[in-house]
Undergrad: 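First the structure, then my questions, so here it is.
A quick note: this is a predicted structure, and the numbers were derived from the prediction, not measured. Numbers restart at 1 for each chain; the letters A, B, ... are given by sequence-line order, proteins then strands. When reading the values below, keep in mind they use all heavy atoms of this one structure, side chains included, and skip hydrogens, waters and symmetry mates.
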Amino acid sequence: MPELPEVETVVRDLRVPLMGRRITAIRFSGERLRRPWKRKWGSQLIGSTFSSIRRRGKWIIADLKPSGHLLIHLGMTGQLTIGSADSELLNHTHVIFDLHRGDRQLRFRDVRRFGSIEYYPFLAGIEQVLEKKLGPEPWDLPVDWSDRFSNSSRCIKSILLDQRVVAGVGNIYADEALFLAGISPTTAGRRMSATLASRLRTAILSVLDHAIEKRGSTIRDYIGGSGLQGGFQQEFRVYGRTGKPCDRCSVPIACCRLAGRSTHYCPACQRVT
DNA sequence: CCGACGTCCTGCTAGC
DNA sequence: TGCTAGCAGGACGTCG
């Protein structure tokens, strides 16, 4: 399930092979995506050239010349890949961009259709949408960011999943960061001291940096922009390790349901404070 | 105002 | 062996 490290990997994979490529044709069957692909976008896009691609939270923004932008979210099972036009066309491929010089295609595939790919004529439209949804990038959080949840009765796990608090953290990296910081996922936001908040921030940055280095985590569907899998799933300390011994204290990793999500933690290393 | 919870969607798998 | 219920969860709408 693509979170910040997976989305960052896709963007890095696509940056070089996509730049300067012109769209020559578009095929789509994306009417049933969470936000439907609109036929009229084709006429705006054909003839345009990819000029840059970047990430904000779990969102991808691709800029085109002379104008226009794509806003993409991978949802749970989204894949955005560049590859040979000859490669096997997998089912649930919703949008295909033919690229100039013929032999390459950019494809958007999404089995569960929780994702989306949309066209915006102006960057301001995207910025307006994202500004409302997203808090700062994790690396832009000040050391004392506890004011973002110090009045909240919600548990810290739920707070970490809130994209307006910090952008890009999802279920896997929330669990891993809380383990690294030694904080119970059930700790109420208002019970988090400045010291704990600082330790959590450090843990978030550490786990995200490490995961990006490993090209993210491939659990089921995730692949990078060049089709390569991630490797961070080998490094999980708690996520998906229910019943297995904590590698810090050997107590079995526990699993509970929090904020509607499976939540993995070490009951000994992560005590409520 | 805030937070909890249901919904969307498909494929895989545990269990009978 | 074959079937089905349950689970996976990001974003968003609704409800209390």
Undergrad: Over how many whole Å does the gap from A:H94 atom NE2 to B:dT10 atom C1' extend?
TA: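 Taking atom C1' of B:dT10 as the reference, NE2 of A:H94 is at 10 Å.
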
Undergrad: Can you pull the side chain to side chain donor-acceptor pair (under 3.5 Å) pairs that have at least one residue in residues 196-209 of chain A, sequence neighbours excluded?
TA: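 Pairs touching residues 196-209 of chain A that pass the test: A:W139-A:D209.
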
Undergrad: Touch check for A:S262, heavy atoms < 4.0 angstrom, all strands: base, sugar-phosphate only, or nothing?
TA: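 If one applies the 4.0 Å heavy-atom cut-off, A:S262 turns out to touch the sugar-phosphate alone, with no base involved.
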
Undergrad: Linking Ile, Leu, Val, Met, Phe, Trp and Tyr by side-chain heavy atoms under 4.5 Å, what else ends up with A:L90?
TA: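 ILVMFWY cluster around A:L90 holds nothing else.
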
Undergrad: Distance check needed: B:dC2 P versus A:F149 CZ, whole Å only.
TA: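 Checked: the CZ to P distance equals 16 Å.
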
Undergrad: Reading nucleotides 10-16 of chain C 5' to 3', which nucleotides get B (base under 4.0 Å from a protein heavy atom), which S (sugar-phosphate only), which -?
TA: BBS----

Undergrad: Assign A:R257 to base, sugar-phosphate, or nothing according to its heavy-atom contacts below 4.0 angstrom with the strands shown.
TA: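 Sugar-phosphate contact only - A:R257 comes under 4.0 Å of backbone atoms but never of a base.
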
Undergrad: Report the distance from atom OH of A:Y239 to atom P of C:dC7, rounded to the nearest whole Å.
TA: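 About 14 Å, once rounded to whole Å.
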
Undergrad: Got a sec, which pairs hit ring pair (Phe, Tyr, Trp, His ring centres under 6.0 Å) with one end in residues 47-70 of chain A, sequence neighbours left out?
TA: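 Qualifying pairs: A:W59-A:H73.
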
Undergrad: Can a side-chain donor-acceptor contact be found between A:D98 and A:T24 if the only test is distance below 3.5 angstrom?
TA: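 No.
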
Undergrad: Tell me every residue that passes ring pair (Phe, Tyr, Trp, His ring centres under 6.0 Å) with A:Y239, counting only those two or more places apart in sequence or in another chain.
TA: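 In terms of ring pair (Phe, Tyr, Trp, His ring centres under 6.0 Å), with neighbours along the sequence ignored, A:Y239 is linked to A:F236, A:H264.
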
Undergrad: Report each atom pair, protein N/O against N/O of nucleotides 11-14 of chain B, whose distance is under 3.5 angstrom.
TA:
unit_1: B:dG11; atom_1: OP1; unit_2: A:H92; atom_2: NE2; d: 2.9

Undergrad: Just by distance, no angles: are the side chains of A:K157 and A:T263 close enough, under 3.5 Å, to form a donor-acceptor pair?
TA: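 Yes, a side-chain donor-acceptor pair sits under 3.5 Å.
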
Undergrad: Closest nucleotide of DNA chain B for A:C155 versus for A:R113: which of these residues is on the 5' side?
TA: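 Whichever sits nearer the 5' end wins; that is A:C155.
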
Undergrad: Under the side chain to side chain donor-acceptor pair (under 3.5 Å) rule, what pairs show up with a residue in residues 243-254 of chain A, not counting sequence neighbours?
TA: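 Of all non-adjacent pairs touching residues 243-254 of chain A, those that pass side chain to side chain donor-acceptor pair (under 3.5 Å) are A:R237-A:D247.
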
Undergrad: Any chance you could pull the hydrophobic cluster mates of A:I223, using side-chain heavy atoms under 4.5 angstrom and chaining through other members?
TA: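 Once heavy-atom contacts under 4.5 Å are chained together, A:I223 still belongs with nothing else.
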
Undergrad: Tell me, what's DNA chain C's dot-bracket, Watson-Crick or G-U with both distances under 3.5 Å, | for other-strand, [ ] crossing?
TA: .|||||||||||||||

Undergrad: Tell me, please, which residues at least two apart from A:R154 pass side-chain contact (heavy atoms from CB on, under 4.5 Å).
TA: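 side-chain contact (heavy atoms from CB on, under 4.5 Å) check on A:R154 returns A:S152, A:S158, A:I159, A:D162.
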
Undergrad: Check side-chain contact (heavy atoms from CB on, under 4.5 Å) between A:L45 and all other residues, then give those that pass, not counting sequence neighbours.
TA: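 Here the qualifying residues are A:I23, A:I26, A:W37, A:W41, A:L64, A:L70, A:F97, A:Y119.
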
Undergrad: Taking ring pair (Phe, Tyr, Trp, His ring centres under 6.0 Å) as the test, write out the residues that go with A:Y173, two or more places apart.
TA: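 Per chain and number, A:Y173 pairs via ring pair (Phe, Tyr, Trp, His ring centres under 6.0 Å) with A:F232.
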
